[in-house]
Amino acid sequence: MGEIKRRHALCLMGVFCLPLPAVSAHRTDSIRNLGEVVVKAKTYKEVIPAQTLKGEELRKLNSFSVADAIRYFSGLQIKDYGGVAGLKTVNIRSMGTNHTGVYYNGIQLGNAQNGQVDLGKFSLDNIEEISLYNGQKSDIFQSAREFGSSGSIYLTTRRPRFEGEKDANLAAKVKFGSYGLLNPALLYEHKISDNISAAVSAEWITSQGDYKFRYRRVDVSGALKYDTTAVRHNSDIDALRIDAGLYGLFEKGKWNVFAYHYTSERGIPGAIVNNVWKRSERLWDRNSFLQGSLEWHVWRGLSMKFNTKYASDYTHYMNNNTDIKLTDNIYKQRECYFSWANKYAITADWDVSVAYDFQWNGYEGFDLNKDHDKEHPMNTATRGTHYISAATAFTVADRLKVQASVLETFVDEEKRQRDKAPNKSKVTPGLFLSYQPWRKHDIVVRAFYKTAYRMPTFNDLYYTDMGNPALLPETTTQYNVGAVYDRTRTEGIFRNLHLNADVYYNDVRNKIVSWPQGPQFRWTTINLGRVDIRGVDAGAACTLAFPHEWTLTGKLQYTYQEAIDVTNPSDTYYRDQIPYIPWHSGSAIIALSWGTWSLGYSFIYVGERYNQQENIIYNHTQPWYTSDMTLMKEIRWGKARLRFTAEVNNLLDQDYDVILNYPMPMRNYKFGLAVEL
């Protein structure tokens with residue numbers, strides 16, 4: 001592992017040493033912000049607005065990864081297996097990770113093997129905006145596949161912006177903290193011409209991950225069984241991320257090309273069970289993709305958008321623990337993707353769109369304990385998926401906004417060594433409405449109905465120990481009614497106020513539920529049949545402006561969910577809450593700013609839940625909460641801008657598990673320095 005660290009350090013130093021270009025002779029200031037060009041096509045105010053974190057608000061959160069930041073959205077459940085190296089996945093409104101589409105610069109991240117997108121791999125250092133949509137994105141000019149998710153998370157990286165006469169930007173950051181954390185990062189942007197710019201970003205993360213935790217357990221009578229403080233072992237990580245983007249404009253549109261590479265070695269600490277404190281599982285990852293987009297206003301009201309992507313993923317999992325099972329497996333995935341979307345403006349207030357997507361996934365699994373010939377996999381599968389969508393959006397009297405869509409999905413399975421799953425097709429419609437009852441009041445009532453279809457993953461269907469080619473796909477039907485109030489002022493103390501509330505019902509048929517059994521990397525998967533989900537999301541945000549540059553911002557989120565199994569009345573867990581879904585959860589953020597100083601406090605609460613299907617006392621999991629604080633100071637030093645940060649995470653030193661027997665770190669610290677030129 002020391003050799004890997006040296007290679008990563010040399011690679012990152014090589015990027016740090018990129019020469020700054022000479023100042024361009026071109027001084028035309030007609031286009032300086034390449035990320036905000038407006039294509040000449042009618043756009044609509046969102047029918048169902050997104051929950052968004054961006055800009056200064058995102059920077060002030062003491063969040064290390066995307067997974068840390070999105071905890072402050074309502075209606076989300078994060079599964080966090082502890083520490084920087086721990087797996088971090090998300091689901092929206094209890095519908096499962098596979099129903100959540102995660103989009104990186106507009107193109108979906110995928111994992112056909114297990115459907116799990118580890119959000120802990122995505123740093124916030126080059127993320128400009130995170131948006132969460134329930135149902136789907138409120139824009140019909142999108143790829144067909146985007147209409148297929150029950151909920152979507154969009155990650156948008158920073159695009160080059162140049163002020164005044166600048167032709168280059170350079171930003172260097174470093175974070176260090178508890179448990180041997182070291183996290184340097186670099187961003188370099190260059191203006192090639194008035195219409196073309198480029199950006200390169202690199203980041204290295206290393207941490208020993210040996211954090212202290214408290215292990216306390218009581219029996220059903222309340223008597224204390226265990227209460228000790230221990231150190232988490234095998235939770236180290238060494239990871240490198242490098243990405244590069246090329247962004248361009250032309251007379252009637254814009255384009256971009258983006259390359260991404262991530263490589264890591266990490267320990268998998270495993271569950272604390274049966275008095276076992278140490279694990280020997282290791283995981284190596286290599287994830288790479290190349291993607292491009294072209295948006296073109298062709299003629300009058302006709303616009304086209306093309307997306308394409310090639311991705312290659314490599315995973316090596318090893319377990320030398322003879323108490324579980326000796327394992328030395330390699331998994332390889334490839335993905336090819338193409339999308340063609342068209343939008344036509346019939347009138348100024350009425351648009352229609354048609355899109356076609358094709359996605360091909362290939363998967364190979366190698367068991368090195370059984371067959372040392374890496375050219376002959378133990379398991380292979382391929383899948384071709386066609387998506388065809390049609391949508392329309394229109395506005396009536398500037399008060400009623402309507403968006404409707406229909407998606408047809410065709411799935412072609414090919415399995416060469418065992419029985420393959422049957423081919424499938426499905427039609428899934430959606431209807432979204434918003435209405436402003438009074439013109440003089442900023443109150444909007446909104447509602448939507450949508451169905452979504454999710455195929456079982458390759459692991460669900462074909463994995464050696466748990467695969468079942470006859471596993472049924474999962475279908476969700478969503479109903480949502482809500483209201484939002486927004487008020488913005490330019491004078492006085494109260495600058496803006498936002499209130500929102502939504503009531504929803506989700507009907508999930510043939511729900512597929514997975515959780516780790518034994519080794520974290522291997523999962524048990526079952527069909528629950530039918531799950532009934534009812535919930536309420538509510539939020540409030542306001543900004544107060546005081547004399548002498550004092551500003552106070554507050555944000556509250558609350559979620560109530562009842563997600564029960566209603567498959568079979570004869571089951572002992574009939575009408576019980578499904579595993580790891582709390583009834584109550586919420587978050588609060590408070591930020592106080594004065595000139596170049598800012599102080600932030602954030603609080604997260606997750607209520608009681610159960611870790612197995614039966615809601616009995618033996619499976620009960622206690623609520624948990626955590627508090628974090630951040631202090632930030634910015635300094636101008638010549639042409640450079642310096643930002644110092646100090647963070648305290650888990651301020652009150654709470655001992656808690658997000659997932660039972662995977663303890664989270666207690667109080668820990670991070671310090672950072674960023675320099676921008």
Side-chain angles (χ1 to χ4, degrees), residues 48 50-53 65-81 87-122 127 129-138 142-156 335 359 385 387 407 409 428 430 448 450-457 459-460 473-478 480 502 504 506-508 510-515 523 525 528 531 533 535 537 557 559 561 563 578-582 585 658-659:
I48 304 293
Q51 297 183 62
T52 302
L53 289 170
S65 69
V66 169
D68 295 328
I70 65 175
R71 297 181 303 171
Y72 299 100
F73 290 148
S74 62
L76 284 182
Q77 294 84 41
I78 298 289
K79 290 186 176 180
D80 191 333
Y81 294 86
L87 177 69
K88 295 168 178 61
T89 63
V90 62
N91 78 80
I92 297 174
R93 293 182 171 180
S94 304
M95 289 179 290
T97 300
N98 300 77
H99 281 285
T100 303
V102 182
Y103 296 85
Y104 201 82
N105 285 338
I107 299 180
Q108 188 169 0
L109 298 170
N111 188 324
Q113 180 189 346
N114 59 26
Q116 308 286 330
V117 176
D118 183 2
L119 293 176
K121 293 181 179 179
F122 298 95
I127 297 294
E129 180 177 321
I130 304 174
S131 301
L132 167 67
Y133 290 88
N134 290 306
Q136 65 193 33
K137 188 177 182 180
S138 296
Q142 59 181 324
S143 64
R145 188 165 65 167
E146 290 178 79
F147 291 103
S149 300
S150 298
S152 304
I153 296 172
Y154 286 82
L155 310 178
T156 303
E335 178 182 314
Q359 177 181 329
T385 309
Y387 305 86
L407 171 69
T409 306
T428 51
F448 74 82
K450 184 180 180 181
T451 61
Y453 178 69
R454 92 89 158 164
M455 276 292 298
T457 66
N459 275 6
D460 298 336
E474 183 177 307
T475 302
T476 65
T477 304
Q478 301 172 258
N480 185 102
D502 288 271
Y504 56 88
N506 302 330
D507 183 15
V508 184
N510 302 317
K511 182 169 179 62
I512 301 169
V513 174
S514 301
W515 63 84
W523 300 69
T525 303
L528 284 182
V531 174
I533 303 168
D537 289 345
Q557 301 282 3
T559 297
Q561 286 191 78
I578 64 175
Y580 287 110
I581 301 300
S585 60
V658 177
I659 301 297

What's the shortest heavy-atom distance between Ile581 and Gln561, and which atoms?
-> CG2-CB, 4.4 Å
What are the two closest heavy atoms between Lys450 and Gly135, and how far apart are they?
-> NZ-O, 2.9 Å
Do you know which two heavy atoms are closest between Ser149 and Ala452, and how far apart they sit?
-> C-CB, 4.4 Å
In Å and rounded to the nearest 0.5 Å, what is the CD1 to CD distance from Ile107 to Glu146?
-> 9.0 Å
Which of parallel (below 30°), tilted (30 to 60°) and perpendicular (above 60°) describes Tyr154 and Tyr133?
-> perpendicular
Of all residues at least two apart in sequence or in a different chain, which pass the side-chain hydrogen bond (donor to acceptor under 3.5 Å, both in side chains) check with Ser585?
-> none
Listed by chain and number, what are the side-chain hydrogen bond (donor to acceptor under 3.5 Å, both in side chains) partners of Asp502, not counting sequence neighbours?
-> Arg446, Asn480
Smallest separation among heavy atoms of Ala563 and Val531, with atom names = C-CG1, 4.4 Å
Provide the closest heavy-atom pair for Thr156 versus Asn105 in the form atom of the first, atom of the second, distance.
-> CA-OD1, 3.7 Å
Please round to the nearest 0.5 Å and tell me the distance separating atom CZ of Phe147 and atom OG1 of Thr409.
-> 12.0 Å
Taking atom types as modelled, is there a side-chain donor on Gln557 or Thr559 under 3.5 Å from an acceptor on the other?
-> no
Kindly indicate whether the side chain of Gln478, heavy atoms from C-beta on, has any atom under 4.5 Å from the side chain of Ser150.
-> yes
Kindly write out the residues that satisfy ring pair (Phe, Tyr, Trp, His ring centres under 6.0 Å) with Tyr453, not counting sequence neighbours, or none if the list is empty.
-> none
Results of side-chain hydrogen bond (donor to acceptor under 3.5 Å, both in side chains) for Asn506 - residues two or more places apart only | none
Please name the pair of heavy atoms, one in Thr52 and one in Phe73, separated by the smallest distance, quoted to 0.1 Å.
-> N-CE2, 3.9 Å
Value for CG (Leu132) from OG1 (Thr100), rounded to nearest 0.5 Å, stands at 8.5 Å
Distance (rounded to the nearest 0.5 Å) between Arg454 CZ and Thr428 OG1 | 15.0 Å
Quick one: list whatever passes side chain to side chain contact (heavy atoms under 4.5 Å, CB included) with Ala144, sequence neighbours left out.
-> Ala355, Asp357, Tyr387, Ser389, Leu407
Measuring from Ile92:CD1 to Ile153:CD1, what's the distance to the nearest 0.5 Å?
-> 5.0 Å
To the nearest 0.5 angstrom, please state how far the CD atom of Gln51 sits from the CD1 atom of Ile130.
-> 12.0 Å
Only counting residues at least two apart or in another chain, list the ones meeting ring pair (Phe, Tyr, Trp, His ring centres under 6.0 Å) with Phe448.
-> Phe432
